[in-house]
There are 2 protein chains.
Amino acid sequence: MVTRKPTPRAPVHAPDFERPLVTVDVVIFTVRDEQLQVLLVRRPDTASDPFPGRMALPGGFINVALDASLYDCALRKLEEKTGFEAPYLEQLGSWGSASRDPRGWCATHVYFALVPPPPNDGAPGSEASQWVEVEAALRKRLAFDHAEILAAAVERLRGKVEYTSLPAFLLSEPFTLPQLQRTYEIVLGRPMDKSAFRKRMLDAQFLAETGSIEGGAGRTAMGYRVLDRERAAVFPRTFRAIETPSSRD
Amino acid sequence: MVTRKPTPRAPVHAPDFERPLVTVDVVIFTVRDEQLQVLLVRRPDTASDPFPGRMALPGGFINVALDASLYDCALRKLEEKTGFEAPYLEQLGSWGSASRDPRGWCATHVYFALVPPPPNDGAPGSEASQWVEVEAALRKRLAFDHAEILAAAVERLRGKVEYTSLPAFLLSEPFTLPQLQRTYEIVLGRPMDKSAFRKRMLDAQFLAETGSIEGGAGRTAMGYRVLDRERAAVFPRTFRAIETPSSRD
DNA sequence: CAAATAGTGTCTTTAAGACACTATGCC
DNA sequence: GGCATAGTGTCTTAAAGACACTATTTG
């Protein structure tokens, strides 16, 4: 970010307004067990906490001393929860109002992340955080306005998947084109034509071959990795129709 | 917004973190004098203020007592500056870091608005706020990181104009299709084909006829207004190519 | 060889681009 | 009539959809 510090002629001081609470939340998606899943955490069950025991999106207050920027804060929270170093991370938007947090006027900056499926280690759901299938997560009574935020994140994800290579960030590399197609189908919830799919992916020039991969039964497939893990490829057309954008607080 | 207030078993209290400053800024676009223009305000020239005398985007601190939500705050600031009641207003994103404001860790929530051209009343630029052509505004040394924010807003606007009816919100109603096409051309900075343009607009079903309009020289044209002033129509394809998305703080 | 999966070819369809054409209003 | 502007028609082109076909690997 480009910022310029002025040379103050006199000490500048912050106004005496009451400051809202500021948090950062992260909607972390993955595809596991043939499902689009989202990472949720259980809030502490202490009475002094808002929404005790409820499930919520991972996140928390900005630490002014620790976080250089909102993005860094989101990265920190993502690493704390998943251990992922360089995931796909983009800003979703912000939600702020007097009523969304019982502790006071609060604004949250929401990011959304795509990560490859974590290893299915031991006891799933035993810890404070767990992966939940998105439709099930949307039906849960999440803390704060996190149900609304999650709905917006899912809408944004599905919307962008129609015309970008985002699902490639949901797979561990190398992956095959049939695997990538399956990921698209899981996220969008509808089957896709193989020929059109392959033409589109290969024409978009965002994949690099990594050599053949055996897959059990049937013919071996070519392995691929994405060329640029920072940004998604944008296709010239959507797969079908695009949704209408919605407004936020 | 849907929010649920829990019945707290004990008084919930906000944590003792240092709270960042929170502001809302609005990027207000219009098309005037055949140019895409943005509204800028001059910051007070008092030494105790950051960036004294510099041009900046309109905005300011959240007023926890006055603003029910971020969106309401953006609406309020827009009305204060332009008097517009029901403009097109959508969230652009948020920028926050330790370094962007000399007064301390500060996060701003940025909205972007599209308004019809204001009447060219009296002395343009005499007051604290003035309309500036966007490329000129981008070359100015704006306060804070507002140059970066403005660049992101222009990129988002140009990006969405490729596949939505957004420019319709830059005109006062009723308007003609040639006027709408001219607005697209001004925003995108390139000529468009009349036939393809008209087919696309009429096929998208977002316009209602309002009767003929005389336009000086030449044949009279049909007048139109948009059916839904809350949201833009989305076209099945972009006009040409789409840009790659960029990241923010 | 059969089953399973990977990958290709061909035709259709949709909507944009190019560009020439017709229509209507004012002088 | 002539000019200016509004509006239409026709052909081409880019890329998605449908769907049948070929290719390669394992048992």
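Please read all numbers here as calculations on a predicted model, not as lab measurements. Proteins get letters first, then strands, A, B, ... in listed order; numbering begins at 1 in each.
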Checklist entry - Does a side-chain N-to-carboxylate-O contact under 4.0 Å join Glu79(A) and Arg76(A)? => result no

Checklist entry - What orientation do Phe29(A) and Phe112(A) show, parallel under 30°, tilted 30 to 60°, or perpendicular over 60°? => result perpendicular

Checklist entry - dT25(D) P sits how many Å from Ile213(A) CD1, rounded? => result 14 Å

Checklist entry - Quick one: which of dA6(C), dA16(D), dA6(D) gets closest to the side chain of Pro178(A)? => result dA6(C)

Checklist entry - Between dA6(C) atom P and Phe175(A) atom CZ, what is the distance in whole Å? => result 14 Å

Item to check | Euclidean distance, atom CD of residue Gln205(A) to atom C1' of dA15(D) [Å, nearest integer] | outcome: 15 Å

Checklist entry - Is the base of dG9(D) touched by the side chain of Ser195(B) through a donor-acceptor pair closer than 3.5 angstrom? => result yes

Checklist entry - Below 4.0 angstrom, N of the basic side chain to O of the carboxylate: do Arg158(B) and Glu135(B) qualify? => result yes

Item to check | Between C1' of dA15(D) and CE of Met201(A), the distance in whole Å | outcome: 13 Å

Item to check | Residues in contact with DNA chain C, drawn from residues 217-224 of chain B - heavy-atom cutoff 4.0 Å | outcome: Arg219(B), Thr220(B)

Checklist entry - Rounded to the nearest Å, what distance is computed from the CG atom of residue Leu202(A) to the P atom of nucleotide dG9(C)? => result 12 Å

Checklist entry - Counting N and O atoms only, with roles assigned by atom type, does the side chain of Gln179(A) sit under 3.5 Å from a partner on the main chain of Thr176(A), one being a donor and the other an acceptor? => result yes

Next on the checklist: Which helical stems does DNA chain C take part in, if a stem means at least 3 consecutive Watson-Crick or G-U pairs with both distances below 3.5 Å?
Outcome noted: C:1-13 with D:15-27, C:15-27 with D:1-13

Checklist outcome for this item: Closest to the 5' end of DNA chain D, once Asp203(A) and Lys199(B) are matched to their nearest nucleotides, is Lys199(B)

Item to check | d(CZ, Arg182(B); P, dT5(D)) in whole Å | outcome: 12 Å

Item to check | Aromatic ring pairing Tyr184(A)/Phe197(A), orientation class (parallel under 30°, perpendicular over 60°, tilted between) | outcome: perpendicular

Item to check | Leu180(A) side, atom CG; Ser165(A) side, atom OG - distance, nearest 0.5 Å | outcome: 8.5 Å

Item to check | Steps toward salt bridge (Lys or Arg N to Asp or Glu O under 4.0 Å) verdict (Glu162(B), Arg156(B)) | outcome: CA-CA 10 Å; Glu162(B) 294 282 355; Arg156(B) 168 98 135 236; over 6 Å; no

Checklist entry - Over how many whole Å does the gap from Arg198(B) atom CZ to dA6(D) atom P extend? => result 8 Å

Next on the checklist: How many whole angstroms separate atom CG of Asp193(B) from atom P of dA20(C)?
Outcome noted: 11 Å

Next on the checklist: Phe169(A): which residues meet the ring pair (Phe, Tyr, Trp, His ring centres under 6.0 Å) condition with it, sequence neighbours left out?
Outcome noted: Tyr88(A)

Checklist entry - Are the side chain of Asp33(A) and the backbone of Gln35(A) linked by a donor-acceptor contact shorter than 3.5 Å? => result no

